[in-house]
Visitor: 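Submitted below is the structure of interest, expressed as structure tokens.
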2 protein chains.
Amino acid sequence: MTDQPPLADAFSRWGSAGLDAGTCPIRNVLDRLGDKWTMLILVALAAGPCRFGALGRSLPDISKRMLTQTLRDLERDGLATRQVFPTRPPRVEYRLSPLGRSVLQPLSALVDWAECHDQAIRQARARFDAVPSQKTASQAE
Amino acid sequence: MTDQPPLADAFSRWGSAGLDAGTCPIRNVLDRLGDKWTMLILVALAAGPCRFGALGRSLPDISKRMLTQTLRDLERDGLATRQVFPTRPPRVEYRLSPLGRSVLQPLSALVDWAECHDQAIRQARARFDAVPSQKTASQAE
DNA sequence: CGGAATCCACCATGATACTG
DNA sequence: CAGTATCATGGTGGATTCCG
């Protein structure tokens, strides 16, 4: 069956087992990518090294708090590196590590899918919402 | 530069612009995939049609509440379909739609990456945490 | 400039109990 | 069996303020 991708294979090892972020690699990754800013920063950094302030400005309206925290997490996981220049005023540059760059490819596949099927999803959603008996809690009101 | 994947391309259209889930396809997708249960259910369904109860049992310890809600969202987005058999007791089967099956492939790429680099990430994390001056708030304590 | 610290609001999720 | 309803809560993220 070509209907059954190797995905089910990987998940049979982790899904049924423990699946919490502590032991499951998939959750380990998706939990981070799934948060509000990580992938945005990943992509911003894909363009090349970037300073803290520039990063903040290139993103819509992230707070310094979240920018700092997300960058720290990326650094902690070895996806990005931080370089401090002891100048005055201070200057800090972030860049993707090789590991960080390697995630761009699979992430890219997902982004492609997203762009490609975005309309189909929105249409399905509109169709679903047109039936008043069906409610989801995630509906915009 | 082979360092610059088409990712940056897609993001230049959506990242700098509005990026909220309402207008950005990437967030539109990742917000759903990023939640706690969606991809687990996706994979469980990849194995074939499944009843509500069986789905619940095949997942670690999801509550009925979350199972229902996540399934509804998948149905709403057209990734899964719901079929009710008016028997006694009631029987409801869920299955992936063609659209739902199509996401398994890019998701697979990400899962592969996750499994492949899981150790590297954990090691980086351990190294980072070994330095007491560095704290992340996401550290286990 | 690049953070750290604090306070607070909200939303996602869990637990429990009830229903057709 | 397959949900719905209600309540409780913990974590995520925003705003603000202070520091080197």
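Given the structure is predicted, the values throughout are model-derived calculations rather than measurements. Each chain gets a letter, A, B and so on, in the order the sequences are listed, and its residues count up from 1.
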Visitor: Starting at CZ of A/Phe52 and ending at C1' of C/dG2, how long is that distance when rounded to a whole Å?
Guide: 6 Å
Visitor: In Å and rounded to the nearest 0.5 Å, what is the CD1 to CG distance from A/Ile41 to A/Leu55?
Guide: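 Nearest 0.5 Å value for the CD1-CG distance: 5.5 Å.
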Visitor: May I ask you to say what B/Phe85 touches in the nucleic acid, namely base, sugar-phosphate or nothing, with a heavy-atom cut-off under 4.0 Å?
Guide: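 No contact.
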Visitor: Would you say the side-chain atoms of B/Arg32 pair up with the backbone N or O of B/Thr38, donor to acceptor, closer than 3.5 Å?
Guide: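 No.
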Visitor: Can you check each nucleotide of nucleotides 13-20 of chain D against protein heavy atoms at under 4.0 Å and return B for base, S for sugar-phosphate only, - for none, in 5' to 3' order?
Guide: BBB----B
Visitor: Give me the atom names and distance for the closest heavy-atom approach of B/Arg27 to A/Trp37.
Guide: NH1-N, 4.5 Å
Visitor: Tell me the interatomic distance from B/Asp73, atom CG, to D/dG3, atom P, rounded to whole angstroms.
Guide: 14 Å
Visitor: Take atom CZ of A/Arg82 and atom C1' of C/dA4, then tell me their distance rounded to the nearest Å.
Guide: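 Checked: the CZ to C1' distance equals 12 Å.
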Visitor: Starting the side chain at C-beta, find the nucleotide from C/dG2, D/dC1, D/dG3 nearest to B/Val92.
Guide: D/dG3
Visitor: Any Lys/Arg nitrogen of B/Asp129 or B/Arg125 sitting under 4.0 Å from an Asp/Glu carboxylate oxygen of the other?
Guide: no
Visitor: B/Arg51 side chain N/O closer than 4.0 Å to the phosphate oxygens (OP1, OP2) of D/dA2?
Guide: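 Yes, such a contact exists.
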Visitor: Can you find a pair of side-chain heavy atoms, one from B/Val103 and one from A/His117, that are under 4.5 Å apart?
Guide: no
Visitor: For the helix from C/dC1-D/dG20 to C/dG20-D/dC1, what angle lies between the axis at the first five pairs and the axis at the last five pairs, to 10 degrees?
Guide: 40°
